[in-house]
Asker: 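Here's a structure for you.
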Amino acid sequence: MTTYKSGFLKTVTERGYVHQCTDFEALDAMAAEKPVTAYIGFDCTAPSLHAGSLVSIMLLRRFQQAGHKPIVLMGGGTTKVGDPSGKDESRKILTEDDIQSNMTGIKQVFEKFLVFGDGPTDAVMVNNTDWLDGLNYISFLRDYGPHFTINRMMTFDSVKLRLDREQPLTFLEFNYMILQAYDFVELAKRRDCMLQMGGSDQWGNIVNGVELGRRVAGKRLFGLTTPLLTTASGAKMGKTAAGAVWLNADMLSPYDYWQYWRNAEDADVGKFLRLFTDLSMNEIAGLEALEGAEINEAKKILATEVTKLCHGEAAAAQAAETAAKTFEQGQAAEGLPTIEITRSELDTAIPAFKLFHMAGLAASGGEARRLIKGGGGKLNDAAIGDEMRMITPSDVNGEGVIKLSAGKKKHALVRLV
């Protein structure tokens with residue numbers, strides 16, 4: 001294993017963040033000598049980022065912890081085009097208002113993980129719409145078009161995979177890699193940004209930016225990517241059967257976020273502790289060595305530490321306490337996800353499958369029906385035999401709520417208002 005001089009590359013390598021780099025040796029020498037500025041771009045395609053973006057967010061955190069300056073690049077401009085990387089079809093075209101609204105939601109996340117300010121290693125947030133919206137198309141093509149060949153662009157995975165699957169790639173999307181390369185050059189000029197980081201699916205786009213910086217600005221730029229992250233069973237990070245694992249509390253409760261990490265596969269515990277917590281490598285080694293039932297204690301620590309970073313210490317402690325009451329003490333803890341319905345709604349009676357769907361315990365009515373038919377649905381801790389069983393005010397328990405359970409690990413409360 002290579003021994004690095006810079007604290008940044010030492011840390012990210014031993015913790016498992018690194019997949020590729022355009023020049024490890026030169027980047028290591030630069031990072032060991034002085035503070036470096038680096039960026040990762042985030043397009044505004046949804047009101048929140050999900051756990052699939054957490055590796056990139058934590059990479060920026062490690063970068064800052066090592067004494068360097070991170071830039072969070074909001075893709076206000078590139079979102080209008082849509083990144084084709086890893087997609088079988090074109091992204092939905094969003095309106096300006098949609099993009100702005102999504103950006104507002106996404107921005108909240110970064111303040112939990114990074115320190116923003118005016119200091120030499122304080123994080124900054126910029127928006128590529130500042131330079132992309134004002135581009136003159138003909139001038140841009142003349143200045144930058146000659147530096148990209150169709151032959152080369154066709155070899156990049158974002159293009160190749162789409163064409164191999166015989167899925168159309170629009171000319172709009174084909175421009176995305178040029179705009180991303182241009183972003184890097186602009187940040188190099190404006191912010192002395194020398195490094196672009198991102199997921200492995202961005203490698204081609206990042207290399208384009210490194211080469212464009214050399215050709216048009218005479219700058220030596222660097223690229224570093226993280227590996228594609230999947231769970232031990234091969235599932236994509238950040239997705240569950242019920243939907244995305246959102247990072248914003250208004251999209252997914254801290255309790256449900258805690259539960260996602262608590263339910264990690266045994267084989268993933270060490271990897272997730274290294275990537276997503278600030279625990280030391282020695283602490284992680286001790287937790288990773290636990291076997292049998294004891295690994296569950298490591299999972300609880302993982303869930304609490306990850307939730308603490310994203311939602312704060314109080315929310316993490318509340319989620320852990322709620323889980324303990326629900327699973328270990330058999331109580332209907334107050335911290336469970338809760339929906340409110342009016343008494344008049346319940347007076348007319350609601351089918352069990354519909355209430356499960358309303359409570360977020362199933363992604364659809366059909367899924368709720370299958371859950372209950374298969375014996376996985378419970379009402380106040382008692383199995384429901386019929387998905388059409390009507391729920392009425394008489395089902396409200398002594399604590400003033402109706403407790404619904406999907407299997408052993410997902411619970412929700414229904415409260416009358």
Asker: Do the charged groups of D266 and K299 touch, with an N to O distance under 4.0 Å?
Answerer: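 Judged by the 4.0 Å cut-off on N to carboxylate O distance, D266 and K299 do form a salt bridge.
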Asker: Tell me, do V72 and V126 make a side-chain contact under 4.5 Å, heavy atoms counted?
Answerer: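 When only atoms from C-beta onward are counted, V126 and V72 do not touch, as no gap falls below 4.5 Å.
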Asker: What's the verdict on salt bridge (charged side-chain N to carboxylate O under 4.0 Å, His left out) for D28 and K10, showing C-alpha distance, side-chain angles and the deciding distance?
Answerer: CA-CA 9 Å; D28 183 45; K10 279 181 189 173; over 6 Å; no
Asker: Does the side chain of L371 reach to within under 4.5 Å of the side chain of F353, using non-hydrogen atoms?
Answerer: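 Counting from C-beta outward, L371 and F353 never come under 4.5 Å.
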Asker: Under 3.5 Å, sequence neighbours excluded: what are the donor-acceptor pairs made by side chains of residues 105-113?
Answerer:
from	atom 1	to	atom 2	distance (Å)
K112	NZ	C310	O	3.1

Asker: Is a donor on one side and an acceptor on the other found under 3.5 Å between the side chain of S48 and the backbone of N248?
Answerer: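 The answer is yes, because a donor-acceptor pair under 3.5 Å joins these two groups.
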Asker: Mind checking whether Y255 and H411 have side chains closer than 4.5 Å, heavy atoms only?
Answerer: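 Counting from C-beta outward, Y255 and H411 do come under 4.5 Å.
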Asker: So, the side chain of K69 versus the backbone of D122: is there a donor-acceptor pair under 3.5 Å, distance only?
Answerer: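 Flag set: sc K69 to bb D122 pair under 3.5 Å.
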Asker: K308 and E305: salt bridge (charged side-chain N to carboxylate O under 4.0 Å, His left out), yes or no, with the steps?
Answerer: CA-CA 5 Å; K308 190 190 299 182; E305 292 296 319; 3.2 Å; yes
Asker: For residues M197 and T225, determine if any side-chain heavy atom of one lies less than 4.5 Å from a side-chain heavy atom of the other.
Answerer: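 Contact flag for M197/T225 side chains = no.
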Asker: In this structure, which one of T78, N175, N205, D43 forms a side-chain hydrogen bond (donor to acceptor under 3.5 Å, both in side chains) with Q180?
Answerer: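 Per the side-chain hydrogen bond (donor to acceptor under 3.5 Å, both in side chains) rule, the option paired with Q180 is N205, out of T78, N175, N205, D43.
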Asker: Do the non-hydrogen side-chain atoms of D183 and Y39 ever get within less than 4.5 Å of each other?
Answerer: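 Side-chain contact under 4.5 Å: yes.
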Asker: Does CZ in R191 sit with more than 12 non-hydrogen atoms of other residues, nucleotides or ligands closer than 6.0 Å?
Answerer: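 Result for CZ/R191: open.
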Asker: Could you list the residues that satisfy side-chain contact (heavy atoms from CB on, under 4.5 Å) with A232, not counting sequence neighbours?
Answerer: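 side-chain contact (heavy atoms from CB on, under 4.5 Å) check on A232 returns E265, A267, D268.
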Asker: Sub-3.5 Å donor-acceptor pair from the side chain of R215 to the main-chain atoms of H147, do we have one?
Answerer: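 Yes, because the side chain of R215 sits within donor-acceptor range (under 3.5 Å) of the backbone of H147.
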Asker: Side-chain contact, heavy-atom cut-off 4.5 Å: T129 with K80?
Answerer: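 Yes. Closest side-chain heavy atoms under 4.5 Å.
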Asker: Is any side-chain heavy atom of T11 closer than 4.5 Å to one of Y17?
Answerer: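 With C-beta onward as the side chain, the pair stays apart.
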Asker: Going by atom types alone, do S101 and D98 pair a side-chain donor with an acceptor below 3.5 Å?
Answerer: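 No.
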Asker: Check the orientation of Y4 and F24. Use parallel for under 30°, tilted for 30 to 60°, and perpendicular for over 60°.
Answerer: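 Because their plane-to-plane angle lies in the 30° to 60° range, the rings of Y4 and F24 count as tilted.
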Asker: Within the side chain of Q64, is there an N or O that forms a donor-acceptor pair under 3.5 Å with the backbone of T121?
Answerer: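 Side chain of Q64 to backbone of T121: a pair is present.
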Asker: Hey, does the side chain of S53 reach the backbone of L49 with a donor-acceptor pair shorter than 3.5 angstrom?
Answerer: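 No, S53 side chain to L49 backbone: no donor-acceptor pair under 3.5 Å.
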Asker: Might you work through the salt bridge (charged side-chain N to carboxylate O under 4.0 Å, His left out) test for D278 and R62, ending with a clear yes or no?
Answerer: CA-CA 9 Å; D278 282 341; R62 303 290 183 220; 2.7 Å; yes
Asker: Could you check whether F276 and W261 have their ring centres less than 6.0 Å apart?
Answerer: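 That pair passes the under 6.0 Å test.
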Asker: To the nearest 0.5 Å, what is the distance between CG (N263) and OG1 (T231)?
Answerer: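 That separation rounds to 12.0 Å.
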Asker: Side chains of residues 280-293: which donor-acceptor pairs under 3.5 Å do they make with residues two or more places apart or in other chains?
Answerer:
from	atom 1	to	atom 2	distance (Å)
S280	OG	E283	N	3.1
S280	OG	E283	OE1	3.2
E283	OE1	S280	N	2.9
E288	OE1	R274	NH1	3.0
E288	OE2	R274	NH1	3.3

Asker: If you count every heavy atom of other residues, nucleotides or ligands that lies below 6.0 Å from K354 atom NZ, does the total exceed 12?
Answerer: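 No - once you tally the heavy atoms of other residues, nucleotides and ligands closer than 6.0 Å, there are 12 at most.
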Asker: Could E297 and K300 be called an ion pair, given the rule that one side-chain N must be under 4.0 Å from one carboxylate O?
Answerer: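 Salt bridge flag = yes for K300 with E297.
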